Every structure is written in structure tokens, then in C-alpha cells.
Amino acid sequence: MKKLTLFLISMTFQALLFSQKQGNIWMFGQGGGLDFNSGTPTVVLGSQVFGNPQPGYYLYSEGCCSIADPNGKLLFYSNGDKVWNKFHQIMPNGNNLLGLYSSTQSALAIPMPLSDSLYYLFTTDVMERYLANGLRFSIIN
């Protein structure tokens, strides 16, 4: 009986919860992205995430991240080297973050605990540079 009661209580609370939409916008390389807010992915254009602009190199970015507010509206996105705002403009101090777009997981954005406006942006360097810049973080407001 206790197990049934516990199960019913947990199901009741679960029904009252709703998911936040911080992962509903995906911005990625070659100017593209996806918006999952409607339930069906729709294309979003304008991403500034591009790979190596030097001749003879592929124009792709292996790693990037994006984060939206709890309502699913894009806040910012990064390729580990730069961070752009929702208007696809480089944010203040958002250049040369010492990560690199060629890192498989070049950037990771997570909300700062107990804050509704601050985020951590973790960046990683690549093996080609012998991880010289290692793991770093920035605080985004």
C-alpha cells in the first residue's frame, strides 16, 4: 500500500511540472539552426558559427552550443572561440575565448545556480594545439 501511495503522489507532482525550453534552439555551423519550440523542428537561419576560414581547410565547426531562456527564446550561442547574442552579433568580450571550433565539444553553456540571468560558458582547446588553453569558463550575463 505504501508503494502505491508513493507512486500516486509522485505521479501527481510529475503532472504539475512543466519542462523548461532552454534546449529548444540549436544553433550550429554553416549559418543554420533548428527550433523545436513548436514540437516539429523548423529551420533557423543566421548562425555565425563557421569553421576555419583559411584556404584549403574545411569550413565546418565540430563543436558549438546554444542556450535559450525558459520560454524557448534564444539567448546566446558559441563555438568555443566566440559567443554571439540572439541577434547573431558577437557579445562584448565575446571574442578569443581560447576554446576552438575544431574541438568536438568546444563549448557548453549552463545556467548558474540560483541566478536567472547568469550562465557559465565552458570552452575547451584541441589536441592539435596540445590542449594549451585547456578547459576555461566565462560568465555570461
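In this text, all values refer to a predicted model and were calculated from it rather than measured experimentally.
The NZ atom of Lys82 lies 15.0 Å from the CD atom of Gln89; values are rounded to the nearest 0.5 Å. For the atom pair Trp84 CH2 and Asn95 CG, the distance stands at 8.5 Å (nearest 0.5 Å). Residue Asp35 holds its CG atom at 9.5 Å from CE of Met27, rounded to the nearest 0.5 Å.
Checking side-chain atoms of Asn71 against main-chain N and O of Lys73 turns up no donor-acceptor pair under 3.5 Å. Between the side chain of Asn24 and the backbone N or O of Gly72 there is no donor-acceptor pair closer than 3.5 Å. Here the side chain of Ser66 pairs a donor or acceptor atom with the backbone of Ile25 at under 3.5 angstrom.
Closest approach of Lys86 and Leu74 over heavy atoms only: CB-O, 3.2 Å. In terms of heavy atoms, Gly80 sits closest to Ala107 at N-CB, 3.8 Å. Annotation for Ser47 and Gly32: closest pair CB-O, 3.3 Å, computed over non-hydrogen atoms.
The environment of Asn93 atom CG is sparse: at most 12 non-hydrogen atoms of other residues, nucleotides or ligands sit within 6.0 angstrom.
There is a path of hydrophobic side-chain contacts, each under 4.5 Å, that joins Leu75 to Val83. Residues Leu97 and Phe76 fall within the same hydrophobic cluster, defined by Ile, Leu, Val, Met, Phe, Trp and Tyr side chains chained together at heavy-atom separations under 4.5 Å.
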Distance-only donor-acceptor hits, side chain of residues 110-123, under 3.5 Å, sequence neighbours excluded:
unit_1 : atom_1 : unit_2 : atom_2 : d
Ser115 : OG     : Ser117 : N      : 3.2
Ser115 : OG     : Leu118 : N      : 3.1

Show me the donor-acceptor pairs within less than 3.5 Å that the side chains of residues 134-141 make with the rest of the protein, sequence neighbours left out.
unit_1 : atom_1 : unit_2 : atom_2 : d
Arg136 : NE     : Asn133 : O      : 3.0

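Donor-acceptor pairing under 3.5 Å is lacking for the side chains of Asp81 and Asn79.
Residues His88 and Tyr77 have side chains in contact (heavy-atom distance under 4.5 Å, counting atoms from C-beta outward).
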